[in-house]
Amino acid sequence: MKRFILPLVLLVSAVCGSITDAAACSRVLYVGYDSLRIVGRSLDWKTPIPTNLYVYPRGMKKVGNTIPGAVQWTSKYGAVYAVSYDGGITEGMNEKGLVVNGLFCKDAVYVNETNMDRPAMSLAVFVGWLLDMNATTDEVVKVIREHNFTISGATFDGGTVSALHWGVTDSSGNCAIIEFDKGDVKIYQGQDMPAMTNDPQYPAMTAINDYWVKVGGGNMLPGTVKSPDRYVRAYYFDNHVKKTGDSSLGLSIIRSILMNVSVPYQYAIETEPNVSSTQWRSFANIRDLRYYFDIVTNLGVFYVDLMKCDLRKGAPVLKFDTSKNTDAVGDVTNNFVKSAPFTPMY
């Protein structure tokens with residue numbers, strides 16, 4: 001186990017040190033009336049990231065890795081996952097309205113000498129594990145604080161290691177941002193935390209935002225695609241839009257905010273070759289259990305309604321292949337097809 005983890009730590013450190021906004025993402029939480037909460041996120045990358053949607057039922061036995069002694073569990077809740085490269089869960093929402101979003105964070109290092117021998121948990125299924133076994137943010141925070149696991153992950157897209165931090169939101173609006181700093185867990189928790197992007201780590205990011213709050217967004221806002229600028233714009237607009245209990249209007253509002261902090265498709269700066277454009281956006285309507293997906297090269301937004309899905313133990317895994325449904329718009333719940341589970345890139 002040590003022989004496996006130590007090279008991984010060095011590789012994570014080396015790769016993360018070279019990542020700039022090549023791995024840019026943004027998360028925004030819209031809070032309306034009548035318990036309406038919609039978590040929107042954008043995923044930015046230098047090349048398209050093929051991402052399919054899967055619906056998994058309750059009662060499935062799973063493992064966190066193929067390494068002996070890895071974390072094992074049987075899912076308590078059904079969920080929808082966004083699975084990139086058909087090998088790793090980027091984010092998702094479960095039937096209790098818990099949402100977990102993984103965003104890039106170049107300084108993330110998951111392992112140190114004090115925790116490298118704990119049961120293995122791959123990044124490919126980490127989000128799924130949290131969604132499968134927890135109904136609330138407090139439950140997730142308890143699991144993370146106990147830290148009875150060691151995170152590892154395969155490389156992808158030419159040798160990139162996934163350096164991530166996570167935003168967690170539940171149906172009550174209880175939120176947490178989870179970061180790993182040199183192997184140590186850092187958790188920042190609060191009610192209806194509105195924004196999250198990438199680097200720097202959360203305390204430094206909020207300090208930057210505090211400055212711009214005093215400047216006043218009605219006077220001036222930072223306009224680049226850099227992570228702090230996107231955070232500031234997301235925070236400001238999220239706090240200055242109309243509140244509604246109507247799910248369609250709420251979706252329109254959060255879509256417009258997220259587009260304001262997205263990076264235009266095919267955008268490039270000659271002096272910053274690692275700047276990446278938005279590849280897709282998602283919107284998790286926690287109250288109504290609808291998970292919307294918006295691929296920027298497709299014609300429209302489509303969604304799956306978890307209330308219409310059979311999530312009982314023994315029900316089949318369902319898949320929506322986005323590469324075969326490029327003109328999908330609206331409710332595509334009935335267009336999901338029975339599928340084998342995806343094969344994790346452990």
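- Listed by chain and residue number, Met93, Leu306, Met307 satisfy the side-chain contact (heavy atoms from CB on, under 4.5 Å) test with Leu289 (two or more places apart in sequence, or in another chain).
- Residues Asn101 and Arg41 have side chains that never bring a donor and an acceptor to within less than 3.5 angstrom of each other.
- Scanning all heavy atoms of the two residues, the minimum distance from Ala234 to Ala195 falls at CB-CB, 4.2 Å.
- The CE atom of Met121 sits 9.5 Å away from atom CG of Leu123, with the distance rounded to the nearest 0.5 Å.
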Evaluation steps, side-chain contact (heavy atoms from CB on, under 4.5 Å), between Tyr30 and Leu251
CA-CA 9 Å; Tyr30 174 78; Leu251 176 65; over 6 Å; no

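- A donor-acceptor contact shorter than 3.5 Å links the side chain of Asn198 to the backbone of Phe104.
- Cys105 places a side-chain heavy atom less than 4.5 Å from the side chain of Asp199.
- For Asp246, the salt bridge (charged side-chain N to carboxylate O under 4.0 Å, His left out) test picks out no residue, with sequence neighbours left out.
- Clustering ILVMFWY residues whenever any of their side-chain heavy atoms sit less than 4.5 angstrom apart, transitively, puts Ile254 in a cluster other than the one holding Phe293.
- With Arg230 contributing its side chain and Ser262 its backbone, the two residues share no donor-acceptor pair below 3.5 Å.
- Contacts of Lys313 classified as salt bridge (charged side-chain N to carboxylate O under 4.0 Å, His left out), with partners at least two apart in sequence or in another chain: none.
- The environment of Lys319 atom NZ is dense: over 12 non-hydrogen atoms of other residues, nucleotides or ligands sit within 6.0 angstrom.
- The line from CG of Leu53 to CG of Asn335 is 11.5 Å long, rounded to the nearest 0.5 Å.
- Residues Phe237 and Val261 fail the side-chain proximity criterion, which asks for heavy atoms closer than 4.5 Å.
- Here Ser122 contributes atom OG and Ile67 contributes atom CD1; the two are 8.5 Å apart, rounded to the nearest 0.5 Å.
- Between the side chains of Ser26 and Thr197, no donor N or O sits under 3.5 Å from an acceptor N or O.
- Counting heavy atoms from C-beta outward, Ile89 and Trp129 have side chains that stay 4.5 Å or more apart.
- Grouping Ile, Leu, Val, Met, Phe, Trp and Tyr residues whose side-chain heavy atoms lie under 4.5 Å apart, directly or via other members, places Tyr265 in a hydrophobic cluster with Val296.
- A distance of 5.5 Å separates OG of Ser84 from CH2 of Trp280, quoted to the nearest 0.5 Å.
- With no hydrogens or angles considered, a side-chain donor-acceptor pair links Asp229 and Thr224 at under 3.5 Å.
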One pair to check against side-chain contact (heavy atoms from CB on, under 4.5 Å): Val39 and Ile286. What are the steps and the verdict?
CA-CA 8 Å; Val39 181; Ile286 294 174; 3.9 Å; yes

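- Side chain of Arg287 to backbone of Gly245: a donor-acceptor contact under 3.5 angstrom is found.
- For Ala328, the side-chain contact (heavy atoms from CB on, under 4.5 Å) criterion is met by Phe302, Phe320, Asn325, Val332, not counting sequence neighbours.
- Of the possible donor and acceptor atoms, one in the side chain of Thr51 sits under 3.5 Å from a partner among the backbone N and O of Ile49.
- Shown here for Val80 and Val304, the closest heavy-atom pair between the two residues is CG2-CG1, 3.9 Å.
- A search for side-chain hydrogen bond (donor to acceptor under 3.5 Å, both in side chains) contacts involving Asp310 returns Arg312, not counting sequence neighbours.
- Annotation: side chain of Val185 is not in contact with side chain of Arg145 (no heavy-atom distance under 4.5 Å).
- Looking at Leu98 and Glu139, their side chains never come closer than 4.5 Å, going by heavy atoms from C-beta outward.
- Ring pair Phe126/Phe149 is tilted by interplanar angle, where 30° to 60° counts as tilted.
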Run Asp238 and Val31 through side-chain contact (heavy atoms from CB on, under 4.5 Å) and show every step you take.
CA-CA 9 Å; Asp238 193 56; Val31 182; 5.9 Å; no

Step by step, work out the side-chain contact (heavy atoms from CB on, under 4.5 Å) result for Ile177 and Met193.
CA-CA 9 Å; Ile177 292 175; Met193 298 170 76; 3.9 Å; yes

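- Under the 4.5 Å side-chain heavy-atom criterion for grouping Ile, Leu, Val, Met, Phe, Trp and Tyr, Ile38 is not connected to Leu103 through any hydrophobic cluster.
- The ring-ring contact (aromatic ring centres under 6.0 Å, His included) check on Phe180 picks up Tyr110, His147, with sequence neighbours excluded.
- Every residue meeting the side-chain contact (heavy atoms from CB on, under 4.5 Å) condition with Tyr56, not counting sequence neighbours, appears here in chain and number order: Tyr54, Met60, Lys62, Tyr81, Val317, Pro341, Phe342.
- The backbone N or O of Lys46 lies less than 3.5 Å from a partner atom in the side chain of Ser276, making a donor-acceptor pair.
- Put simply, the side chain of Thr244 never gets that close to the backbone of Gly32: no donor and acceptor are under 3.5 Å apart.
- Relative orientation of the Tyr235 and Tyr231 rings is parallel, given thresholds of 30° and 60° on the angle between their planes.
- Remark: Glu95 pairs with Arg58 by the salt bridge (charged side-chain N to carboxylate O under 4.0 Å, His left out) rule, at least two apart or across chains.
- Two different hydrophobic clusters hold Val232 and Met259 under the rule that ILVMFWY side chains link at heavy-atom gaps under 4.5 Å.
- Annotation: side chain to side chain donor-acceptor pair (under 3.5 Å) contacts involving residues 288-304, sequence neighbours excluded, comprise Glu91-Tyr291, Arg281-Asp294, Asn285-Asp288.
- Taking 4.5 Å as the limit, some side-chain heavy atom of Met116 sits within range of a side-chain heavy atom of Val111.
- No side-chain donor-acceptor contact under 3.5 Å links Asp34 to the backbone of Leu36.
- Inter-residue side-chain proximity for Asp107 and Asp181 is flagged as unmet; no heavy-atom pair is nearer than 4.5 Å.
- Atom CE of residue Met196 and atom CD of residue Glu179 lie 6.5 Å apart, to the nearest 0.5 angstrom.
- With hydrogens and angles ignored, the 3.5 Å screen pairs no side-chain donor or acceptor of Asp305 with any backbone N or O of Asp331.
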Name each donor-acceptor pair under 3.5 Å that joins a side chain in residues 168-176 to protein atoms two or more places apart or in another chain, with its distance.
| unit_1 | atom_1 | unit_2 | atom_2 | d |
| --- | --- | --- | --- | --- |
| Thr169 | OG1 | Arg27 | NH2 | 3.0 |
| Asp170 | OD1 | Ser172 | N | 3.0 |
| Asp170 | OD1 | Ser172 | OG | 2.8 |
| Asp170 | OD1 | Gly173 | N | 3.2 |
| Asp170 | OD1 | Asn174 | N | 3.0 |
| Asp170 | OD2 | Thr137 | N | 3.0 |
| Ser172 | OG | Asn174 | N | 3.4 |
| Asn174 | OD1 | Gln189 | NE2 | 3.3 |
| Asn174 | ND2 | Asp138 | OD1 | 3.0 |

For residues 204-216, please give each side-chain donor-acceptor pair under 3.5 Å, one per line with the distance, not counting sequence neighbours.
| unit_1 | atom_1 | unit_2 | atom_2 | d |
| --- | --- | --- | --- | --- |
| Thr206 | OG1 | Tyr202 | O | 3.3 |
| Thr206 | OG1 | Pro203 | O | 2.8 |

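- Hydrophobic clustering places Val241 together with Val28 (ILVMFWY residues linked when any side-chain heavy atoms are closer than 4.5 Å, directly or through intermediates).
- Listed for the Asn65 side chain is no donor-acceptor partner under 3.5 Å among the backbone atoms of Ala70.
- Between the Ser75 side chain and the Gly59 main chain, a donor and an acceptor come within less than 3.5 Å of each other.
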